[in-house]
Amino acid sequence: MLARKFRSKKKRIFRKRAVIFFLTALLIILGIKGFERQVSVFSASYIPSLARTTATNAVCTAVERVLSEEGYTYEDFARVRYSENGSVSIETNSSKINELKTRIVAAAQQEAEKIHNNTMHIPLGAFTGLSLIANEGPKVPLSYCVTGSFSAELESSFESAGINQTVHHIRLVVTSEIVTASVDYEDTMTFSTDFEIAQSVLVGSTPTTYGGYFTPISR
């Protein structure tokens, strides 16, 4: 009789522990699932912005490095021709233009390789969804990768600078196609960053650009 009661009590304890274990495991699984959903939300919210900023900085660094190394001037890309009747024309230097575009793309690609692997840190409290503790707790690292391709073009525009004067702007436009990826997120974005690399004040009528190496932009 005593042995039977002991076995019955032992079974109740076992069932009780089994229920506690099951509930604990269920809570852990639900917590992990909730955490993964929050990570997905943060990935979609934060990664594109961080990747765009990182890629833009890489492009700016590449452009600054190439321009400072070469010391390009307006005359490297264009020459102004004045005719006897007062008309103005511009001849483009295709060799220098293509050289600049090639060097910029190569430099941007080199800078992009340096930022391939990135990590963002988000406070643990942010995953609770409660604004009061969103910035509290240890930082949780979330890793993501950035890869991309680049292209470069030169744009030409003319801006009135007063009576019989025109400013010729030469701008470098770098287009970035950036792919970002993490464990639960992947996206592709395309954006352009422009830099004014040279300008000149022209006297006379608004000129025309020959050669087709600039993309004309009306101002």
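Values reported hereafter were calculated over all heavy atoms of this structure, with side chains retained and with hydrogens, waters and symmetry mates removed. Computed from a predicted structure; not experimentally measured. For the single chain, residues carry numbers from 1 onward in sequence order.
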S156 vs H169 side-chain heavy atoms within contact, under 4.5 Å: no
Sole candidate of T56, V105, V63 that passes side chain to side chain contact (heavy atoms under 4.5 Å, CB included) when paired with V174: V63
ring-ring contact (aromatic ring centres under 6.0 Å, His included) against F150, all qualifying residues, sequence neighbours excluded: none
Non-hydrogen side-chain atoms of C145 and T180 separated by less than 4.5 Å: no
Residue of the set V179, I178, T54 for which side chain to side chain contact (heavy atoms under 4.5 Å, CB included) holds with V146: I178
Exam field: side chain D194 to backbone L172, donor-acceptor pair closer than 3.5 Å: no
Heavy-atom pair with the smallest gap, counting every atom of A198 and T73: CB-C, 4.4 Å
Student check: side-chain heavy atoms of E111 and R65 closer than 4.5 Å: yes
Minimum heavy-atom distance between A152 and K101, given as atom pair plus value: O-CE, 3.2 Å
Side-chain heavy atoms of I197 within contact of L67, under 4.5 Å: yes
Any I170 side-chain heavy atom under 4.5 Å of E196 side chain: no
Distance-minimising heavy-atom pair for A108 and A62: N-CB, 3.5 Å
A58 versus A112, closest heavy-atom pair with distance: CB-N, 4.5 Å
Partner set under salt bridge (charged side-chain N to carboxylate O under 4.0 Å, His left out) for E64, not counting sequence neighbours: none
Sequence neighbours excluded, every pair satisfying ring pair (Phe, Tyr, Trp, His ring centres under 6.0 Å) that has a member inside residues 52-72: Y72-F77
Co-membership, hydrophobic cluster, residues V167 and L154, 4.5 Å side-chain: no
Over all atoms of both residues, closest heavy-atom pair of Q109 and S149: OE1-CA, 4.0 Å
Salt bridge R79-E91, side-chain N to carboxylate O under 4.0 Å: no
Within-4.5 Å side-chain heavy-atom neighbours: T92 and I97: yes
Pairwise side-chain contact, L100 with V66, heavy-atom cut-off 4.5 Å (strictly under): yes
Approximate separation, where rounding is to 0.5 Å, of T147 OG1 and E177 CD: 9.5 Å
H168 vs E159 side-chain heavy atoms within contact, under 4.5 Å: no
Six-ring centre of F195, R171 cation under 6.0 angstrom, axis tolerance 45°: no
